[in-house]
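Beneath this line is the structure, given in structure tokens, with notes to follow.
In the text below, chain A, chain B and the rest are named by the order of the sequence lines, each starting its count at 1.
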Amino acid sequence: MFNKSNLIKIEDFLWEIPKSFRDDMRVPARIYTDDEMLDSIAVDKSLEQLVNVATLPGIKGYALAMPDIHEGYGFPVGGVAAFDSEEGVISPGGIGYDINCGVRLLRSEKTFSEVKPNLRNLGRTIYHEVPSGVGVGGRLDLKGREFDMVLEKGAERMLELGYGEAQDLEHIESGGVLHTAAPELVSVHAKSRGRDQLGTMGAGNHFVEVGIVETIFDNGEAEKLNIFKDQVTVLIHTGSRGLGHQIATDYIRIMMKVMPNYGIVLPDRELACAPFKSREGQEYFKAMSAGANFAWANRQLITWEVRKAWKDVLGKEGGELSMVYDVAHNIAKIEEYTLDGKRYNLVIHRKGATRSFPGQPVLIPGSMGTNSYILVGQEKAMISSFGSSCHGAGRRMSRTRARKEVSVEELRQRLESMGIVVNAGSSKGLTEESPEAYKDVNKVVGVIHEAGIAKKVARLKPIAVIKG
Amino acid sequence: MTYKILEHTADVRMIVQADSLEKLFSEAVYGMMKIIEPKVDNKKEVKQRTIALEAVDATALLIDFLNEVLLATYIHKEVYNEVIFKSLSERSLEAKLSGFRAKSLGEDIKAVTYHEAEVKKKKDGIWETMLIFDI
């Protein structure tokens, strides 16, 4: 178990576990946090897991954790790791089973008072338009080449099928497509598991949330994004569904088998990896890219479903729902950074971390019923955090404990009394995602802002929650 | 023979114990079905599914096996209440699964992970492993 004596404070909001802490560490581990949150982070296994990441071949700089870090399996959730693309590895566990889980924010032209009379109907209609829950299929059932085209082209393919507007793609990380995707490297099993899941939310912590802009922190940046006070927004949080889960499962199994051939020895099997340049490393990267494209297509189709619900309820007077941005928080990307004066092409693994390039909108969803944030990436992220920021509030309580401690009726009443309309398919799912099961998103985002890796632009407040 | 769900910050941690390797594997399947919380259509028995696998050791074999069962559960919308091993060693298995059609599934397990998993026989002869399910 860690305590604060193992950590060195290197600047405000940034702590380090030195390389000398464990013999097998290749680089130090770093954590963005504050004193108070550090105490809660040290309780579970997240720091031990971060130290394990620091042992992987070809890791550069430091294994990095964001203030929303919590215990995962293998890699901690809320982590960033950079590997040399020539000498380093790629690890499916460092991206996670839900490849390109991410968030998308839509902005309306309306204020809260204009939408309020129809809010209950809007929540209900979105719930009916966006399929949710375990094993619930969507409106498309694509097969063969039709399905592969989604894996190849991501959100763009959804536009070709009529589910979106041309300008949507300009506001998606990587334009909503990774051109490295190779559908033929995605197994038949993975395709079967995801085939009917396009345009579906799934279960767990995934949601669609209608919110309002509660506070503007930076008028200039807000104006650039067409964000104004009291504006109604829609936030979508989901990923690549069963397809992504199976791609990760398939390739972790492959890597487990080939690791001895590359002389890789690990402190935890779930860190299974292969050299990025190896056949297995390249094949996983191309399959992961296909999974990421599926997730962008999924959020694009859900956007179409939400727009349909919006039109059905508010009619022509409701105006348009336009894209603010769409970010991935479980993904690997090739990016260029300078370390000790030398340029490197690095394989950046973000697992529960959001890209935070200078000027790019960074979307941080809170837990159910709490605030979410729009930030903008800062130059310092390129120097200190491999162009990355946090991804959410971060869990602090297990699902089983949340179920024991929170009554579904009390939770529903509490959310309703806060003026939040709730449409949820599962009572169990609702209590598991109760706000007290998460860290305080305001504090998490506060650390990111104070550390200077992303700047607060606006805070959103939920008015309708829709989940499986 | 038992499985027990333990605390984990974000996912589900389960300890499984049994007096034979075979029972450890089948108990792990029943424990996983418990997490999935299906609503079962008792009238609709499903056709028997066969899973045959090889792995580097017993731990990898169990995790790969559970992931195959998970795949069958979600693709076919089925729940399995009987596992019969035609063969089982520490590095290979052939199993037959029987069960029912699921009316609905209550939990979305993304995968069974290798993290903390270690199939071992303790001094008292009891087989044991920890399992972490990504939810």
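Only the side chain of R241(A) comes within less than 4.5 Å of a heavy atom of chain B; its backbone N, CA, C and O stay farther away. Looking at L70(B), the atoms closer than 4.5 Å to chain A (heavy atoms on both sides) all sit in the side chain, from C-beta outward. Only the side chain of M256(A) comes within less than 4.5 Å of a heavy atom of chain B; its backbone N, CA, C and O stay farther away.
One finds a salt bridge joining R269(A) and D57(B) here, because a Lys/Arg side-chain nitrogen approaches an Asp/Glu carboxylate oxygen to under 4.0 Å. A salt bridge links E68(B) with R253(A): the distance from a Lys NZ or Arg NE/NH1/NH2 to an Asp or Glu carboxylate oxygen falls below 4.0 Å. Salt bridge status for K45(A) with E116(B): present, with a side-chain N to carboxylate O gap under 4.0 Å.
Ranked by heavy-atom pairs under 4.5 Å with chain B, the list M397(A), Q49(A), H189(A), H70(A) is led by H189(A). Highest contact tally toward chain B, considering only A203(A), A272(A), G74(A), is held by G74(A) [criterion: heavy-atom pairs under 4.5 Å].
Minimum interatomic distance between R193(A) and I109(B) (heavy atoms only, all atoms of both residues): NH2-O, 3.3 Å. Closest approach of K428(A) to E37(B), counting heavy atoms only: CE-OE2, 2.9 Å. Closest approach of T249(A) and A111(B) over heavy atoms only: OG1-CB, 3.6 Å.
Crowding of K96(B) atom NZ: a count of heavy atoms from other residues, nucleotides or ligands under 6.0 Å exceeding 12.
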